[in-house]
Amino acid sequence: MLVGRPVKRVEDPKLITGNGSYVPDIKLPNMAYMHVVRSPHPHAIIERIETPKRFPKGVLAFYTGRMLANLGPLPVDYVEKESKTPRQYPLAIDRVRYVGEGVAVIVAEDEYTARDAAELVSVEYQPLKAVVDPLKALETGTAPIHKEFGDNICFRWVRKYGDVKGAFENSYTTVSFDTWIQRIAPSPMETRGILSSYDRSTGLLTVWSSTQSPHSLREWLSEALKHPENLLRVIAPDVGGGFGAKYNCYPEDVLACYLSMKIGRPVKWVESRTENLQTMSHGRGMHADVEAAVEKDGRVKALKARIVADLGAYNHSFTQGVPVITARMITGCYRIRDLEVEVLGVLTNKVATNAYRGAGRPEASYIIERLMDRVARHLGLDPAEVRRVNFIPSTEFPYKTVTGYEYDSGDYVRALDRALELVGYWELRREQKRLRSFGRLIGIGISSYVEVCNFAYQSAQVRVDPGGKVYVLTGTSPHGQGVATALAQIVSDRLGFHLEDISVLHGDTQLIPRGPGTAGSWSLTSGGNAVLLACGDVADKMRKIAAGLLEAHPDDIVLEAGRAFIRGSPEHGLSLREVAEAAYDVDRLPEGMEPGLVSTRFYTPNLAFPFGTHVAVVEVDEETGRVILRRILMVNDCGRLVNPLLAEGQVHGGAVQAIGQALYEEHLYDRDGMLLTSTLSDYLIPTSADIPLMETEWTCTPAPNPLGSKGIGEAATIGLTQAIVNAVEDALSHLGIKIPETPLNPYKIFSNLQTSRHKATHSV
């Protein structure tokens with residue numbers, strides 16, 4: 001059996017030898033290159049766009065927003081009822097609303113000519129005051145960035161559950177805090193890229209894109225271009241990371257397709273790193289004001305929360321959905337039945353926020369887990385024990401939260417206890433006290449998280465050809481997770497074929513059954529179950545064929561290790577290739593059976609709720625403000641593990657991004673709306689030197705689906721960030737320091753330490 005074993009990734013040989021095929025690697029005859037002229041202003045009226053009398057040789061086309069006014073606005077998938085959703089066109093028409101918004105596009109014979117020609121385009125702007133701070137954007141008198149709306153509130157989502165007022169009136173005490181969760185860059189290794197090729201003879205538009213969802217992109221492009229969906233083919237070759245930000249339709253996607261149709265040549269565009277940081281959707285970007293009604297033992301009776309989400313100037317596919325998920329998951333692992341929550345989606349002069357690894361769940365987990373530590377400190381209790389008294393008991397699953405989610409299964413105490421045991425928690429607390437007497441600032445942070453995933457149906461086709469080779473066509477569209485390996489493991493166990501005889505195909509709308517691509521940790525739990533269902537159909541037919549050839553009953557046929565044999569008599573059998581050959585030979589098939597070995601299935605999932613406990617141990621250098629990660633331990637429960645090696649890799653990758661959010665990464669705009677972090681010299685991403693040894697452990701609470709699995713791809717971004725921040729605040733709490741925002745870079749920590757010293761000096 002391969003399921004459950006740490007099988008090495010079958011995708012890796014071509015990738016680590018440089019033989020992968022990404023969008024920049026694809027070259028077509030007569031291919032042209034696109035370059036976008038972008039606004040240096042965050043908010044301005046476009047007064048005039050002037051071009052030279054003659055562009056340099058090699059320039060094929062030039063367009064402005066007004067010239068493309070016939071194109072539809074970019075599609076937005078998730079829209080709250082009664083929201084004021086701004087329309088974004090492929091190029092700005094009369095005004096720009098964020099730094100980097102496109103105002104014109106050039107197509108040339110090569111990318112260098114296109115860039116040089118862009119330097120000859122002169123754009124006159126009338127700068128306008130930028131709206132940068134989302135809290136100030138709400139104030140009366142702040143000019144709306146979309147004047148047709150009257151204000152900067154895109155949507156308001158308000159819910160009240162239970163008796164919040166009564167709970168606060170009868171509580172032992174209240175605990176409140178507010179926090180900023182900064183904007184961060186998804187910054188995948190591969191920037192965005194698109195290559196479009198239009199065939200005028202057939203009307204077929206073929207698009208190669210570094211997208212997470214080829215079928216969704218096909219649908220969005222069809223809508224924006226007003227081009228029939230059946231005449232659009234989207235192919236996702238190898239994709240070097242997406243993290244949610246490539247699940248979107250961007251202006252450049254529409255432009256490249258439109259221009260290919262106009263000039264009759266393939267058109268390619270590949271994003272520069274600066275363009276990536278400026279114009280790819282940002283993640284996070286929320287302010288939360290929270291108040292809890294608390295009992296003497298640390299039990300949270302009720303919660304009030306106000307979340308202000310900095311949406312940016314426009315809406316991408318799921319811009320509005322992310323903060324709503326935050327609100328719906330804000331109670332976390334805890335049995336909180338009285339809740340009042342308000343979400344304000346606010347428009348600002350920045351690029352849009354959208355899904356970023358975790359998409360709303362990291363923000364929810366951050367808010368509630370920071371609150372639990374504040375409750376513990378306020379009451380003089382241990383943070384681990386405060387979590388324990390608030391957990392949803394394992395006996396209450398399936399558990400329906402007040403916001404309407406039904407948690408499928410869970411044992412939060414088990415994960416917490418395992419984490420505390422492995423890290424040696426109580427000994428660490430004693431050691432912390434001892435080292436603090438010597439002036440060392442040691443902190444221990446805990447985060448117990450739960451997430452929701454498996455949002456979408458998934459499709460799969462499993463086909464065995466007469467030569468004994470298996471082809472798996474999946475509606476998922478991986479961008480580095482190793483999904484092909486996990487799916488091949490499932491097929492191998494179910495059908496008995498060797499791993500090397502199984503090929504997993506994805507990412508081509510003309511070949512694969514319709515599926516939503518890859519996001520939300522659904523690739524395995526939803527996609528794997530679709531494959532499992534299709535394998536069941538094929539396996540049943542193979543057993544019937546083998547039974548006819550071996551003169552046995554189908555129930556007695558075993559498919560294993562490349563053979564079909566009679567149970568208990570391995571010597572009485574034949575190769576799976578012989579079974580496959582017979583499947584396409586009508587003379588050898590059982591009477592009434594149609595030839596072929598193929599099944600297409602769709603799996604409609606229930607939501608899955610992975611969980612776990614993460615512990616961080618840090619030391620703060622008092623002289624420099626630097627945070628040193630001494631230990632990272634992550635106990636996760638994603639149900640049944642199909643491949644522990646893949647799961648651990650996903651956890652490690654997410655942990656690095658969580659460390660980045662906690663300590664390094666922040667997209668900064670100045671008060672005038674200028675992006676200060678438009679290169680990797682300004683935007684700090686953790687390197688291997690910044691990452692400590694990461695310890696992982698698993699508990700297993702099977703999910704109620706055929707595989708028994710839950711998602712794992714977003715676990716660490718959801719669980720770890722606040723463990724690190726809690727640890728830093730724990731290290732500094734005896735100095736009266738509270739952490740209001742991230743990242744905790746040395747400057748911020750040193751400033752807090754200086755302020756603390758100043759207060760201590762003047763209080764003496």
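As a basis for the values below, the full set of heavy atoms in this structure was taken, side chains included, without hydrogen atoms, waters or symmetry mates.
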**Q** Do the side chain of K301 and the main chain of D338 share a donor and acceptor less than 3.5 angstrom apart?
**A** no
**Q** Would you find a donor on one side and an acceptor on the other, under 3.5 Å apart, between the side chain of R357 and the backbone of G713?
**A** yes
**Q** Is there a donor-acceptor contact under 3.5 Å linking the side chains of T518 and Q212?
**A** no
**Q** Quick check: closest heavy atoms across A456 and P605, and the distance to 0.1 Å?
**A** O-CG, 3.2 Å
**Q** Can you tell me which residue among F611, Y449, F609 is in a ring pair (Phe, Tyr, Trp, His ring centres under 6.0 Å) with Y412?
**A** F611
**Q** For F149, does the CZ atom have more than 12 heavy-atom neighbours from other residues, nucleotides or ligands under 6.0 Å away?
**A** yes
**Q** For the ring pair Y603 and Y457, is the centre-to-centre distance below 6.0 Å?
**A** no
**Q** Walk me through whether Q722 and I724 qualify under side chain to side chain contact (heavy atoms under 4.5 Å, CB included).
**A** CA-CA 5 Å; Q722 56 273 6; I724 296 170; over 6 Å; no
**Q** Indicate whether the side chain of R306 and that of H287 have a donor and an acceptor atom separated by less than 3.5 Å.
**A** no
**Q** Taking all atoms of both residues into account, what is the closest heavy-atom pair of P323 and M286, and its distance?
**A** CA-CE, 3.6 Å
**Q** Which heavy atom in Q88 sits nearest to a heavy atom in Y314, and how many Å separate them?
**A** CB-CD2, 3.5 Å
**Q** Just by modelled atom types, is the T173 backbone N or O under 3.5 Å from a matching donor or acceptor in the S171 side chain?
**A** yes
**Q** Identify whether the distance between the nearest side-chain nitrogen and carboxylate oxygen of K400 and E406 falls below 4.0 Å.
**A** no
**Q** Under 3.5 Å, side chain of N354 to main-chain N/O of T319, donor-acceptor pair present?
**A** yes
**Q** Quick one: do the N636 and H614 side chains pair a donor with an acceptor below 3.5 Å?
**A** yes
**Q** Salt bridge (Lys or Arg N to Asp or Glu O under 4.0 Å) with D730: which of K738, R429, K433?
**A** R429
**Q** Can a side-chain donor-acceptor contact be found between E80 and T85 if the only test is distance below 3.5 angstrom?
**A** no
**Q** Do N152 side-chain atoms and A143 backbone N/O form a donor-acceptor pair below 3.5 Å?
**A** yes
**Q** Once the angle between the rings of H282 and H667 is folded into 0 to 90°, is it parallel (under 30°), tilted (30 to 60°) or perpendicular (over 60°)?
**A** parallel
**Q** Sub-3.5 Å donor-acceptor pair from the side chain of S365 to the main-chain atoms of R361, do we have one?
**A** no
**Q** Counting only heavy atoms not in E148, do more than 12 sit closer than 6.0 Å to its CD atom?
**A** yes
**Q** Between Y334 (side chain only) and R388 (backbone N and O only), is there a donor and an acceptor less than 3.5 Å apart?
**A** no
**Q** State whether a side-chain donor-acceptor pair under 3.5 Å links E741 with T179.
**A** no
**Q** Can you find a heavy atom in the side chain of K748 that is under 4.5 Å from one in the side chain of N745?
**A** yes
**Q** Please find the pair of heavy atoms, one from E714 and one from S521, that lie closest to each other, and give the distance.
**A** OE1-OG, 2.5 Å
**Q** Honestly, is R328 close enough over Y405, meaning NZ or CZ under 6.0 Å from the six-membered ring centre and within 45° of the axis?
**A** yes
**Q** Report the C-alpha separation of M694 and L633 in whole Å, then their side-chain angles, then the decisive distance to 0.1 Å, and conclude whether the side chain to side chain contact (heavy atoms under 4.5 Å, CB included) test is met.
**A** CA-CA 6 Å; M694 293 185 284; L633 172 73; over 6 Å; no
**Q** Within this structure, what is the OG1-CD1 distance for the pair T721 and I659, rounded to the nearest 0.5 Å?
**A** 9.0 Å
**Q** CD of E666 to CH2 of W180: how many Å apart, nearest 0.5 Å?
**A** 11.0 Å
**Q** When you measure from the side chain of R159 to the backbone of T403, do you find a donor-acceptor pair of N or O atoms at a distance under 3.5 Å?
**A** no
**Q** Answer with yes or no whether the side chains of R284 and Q661 bring together a donor and an acceptor at under 3.5 Å.
**A** yes
**Q** For a quick test of reading the model, state the closest non-hydrogen atom pair linking V651 to T696 and the distance between them.
**A** CG1-CG2, 3.8 Å
**Q** State whether the number of non-hydrogen atoms from other residues, nucleotides or ligands found under 6.0 Å of R436 atom CZ is greater than 12.
**A** yes
**Q** For the residue pair N529 / Q458, report whether a side-chain donor-acceptor contact shorter than 3.5 Å exists.
**A** no
**Q** Side chains of T348 and D310: is there a donor and an acceptor less than 3.5 Å apart?
**A** yes
**Q** Between D151 and K84, does any side-chain N to carboxylate O distance fall below 4.0 Å?
**A** yes
**Q** Would you check if the side chain of W698 reaches a backbone N or O of A647 as a donor-acceptor pair within less than 3.5 Å?
**A** no
**Q** Does E729 pair with R370 as a salt bridge, N-O distance under 4.0 Å?
**A** yes
**Q** Between D637 and T699, do the side chains contain an N or O donor and an N or O acceptor separated by less than 3.5 Å?
**A** yes
**Q** Can the ring centres of Y78 and H316 be said to be less than 6.0 Å apart?
**A** no
**Q** Any salt bridge between E427 and R430, counting N to O under 4.0 Å?
**A** yes
**Q** Does the pair N454 and T525 meet the rule for a side-chain hydrogen bond (donor to acceptor under 3.5 Å, both in side chains), with working shown?
**A** CA-CA 7 Å; N454 216 30; T525 303; 4.8 Å; no
**Q** Pick one: which of N315, V346, V79 meets side chain to side chain contact (heavy atoms under 4.5 Å, CB included) with C154?
**A** N315
**Q** Would you mind checking if E665 and R183 are paired as a salt bridge, meaning a charged N to carboxylate O distance below 4.0 Å?
**A** no
**Q** CZ of R640 to CG of L524: how many Å apart, nearest 0.5 Å?
**A** 10.5 Å
**Q** Would you say the side-chain atoms of S409 and T701 include a donor-acceptor pair closer than 3.5 Å?
**A** no
**Q** Mark yes or no for whether N349, through its side chain, and V131, through its backbone, hold a donor-acceptor pair below 3.5 Å.
**A** yes
**Q** State whether R387 and E369 are salt-bridged, where the test is any N-O pair (Lys NZ or Arg NE/NH1/NH2 against Asp/Glu carboxylate O) under 4.0 Å.
**A** yes
**Q** One pair to check against side chain to side chain contact (heavy atoms under 4.5 Å, CB included): Y161 and R337. What are the steps and the verdict?
**A** CA-CA 7 Å; Y161 309 96; R337 306 304 300 174; over 6 Å; no
**Q** Can E342 and K160 be said to form a salt bridge (charged side-chain N to carboxylate O under 4.0 Å, His left out), step by step?
**A** CA-CA 9 Å; E342 177 187 29; K160 295 182 180 181; over 6 Å; no
**Q** Any donor-acceptor pair under 3.5 Å linking the side-chain atoms of T613 with those of S448?
**A** yes
**Q** Step by step, would you call M372 with S447 a side chain to side chain contact (heavy atoms under 4.5 Å, CB included)?
**A** CA-CA 9 Å; M372 286 297 163; S447 166; over 6 Å; no
**Q** Working to the nearest 0.5 Å, report the span between CG of N248 and OG of S216.
**A** 10.5 Å
**Q** Can you tell me if Y425 and D417 form a side-chain donor-acceptor pair at under 3.5 Å?
**A** no
**Q** Please name the pair of heavy atoms, one in V175 and one in R374, separated by the smallest distance, quoted to 0.1 Å.
**A** CG1-CB, 4.0 Å
**Q** Quick one: do the Y356 and Q657 side chains pair a donor with an acceptor below 3.5 Å?
**A** yes
**Q** Go through it in stages, so that I can follow the logic: the residues are T401 and T331, the test is side-chain hydrogen bond (donor to acceptor under 3.5 Å, both in side chains), and I'd like the CA-CA distance, side-chain angles, deciding distance and then a yes or no.
**A** CA-CA 8 Å; T401 70; T331 56; 5.3 Å; no
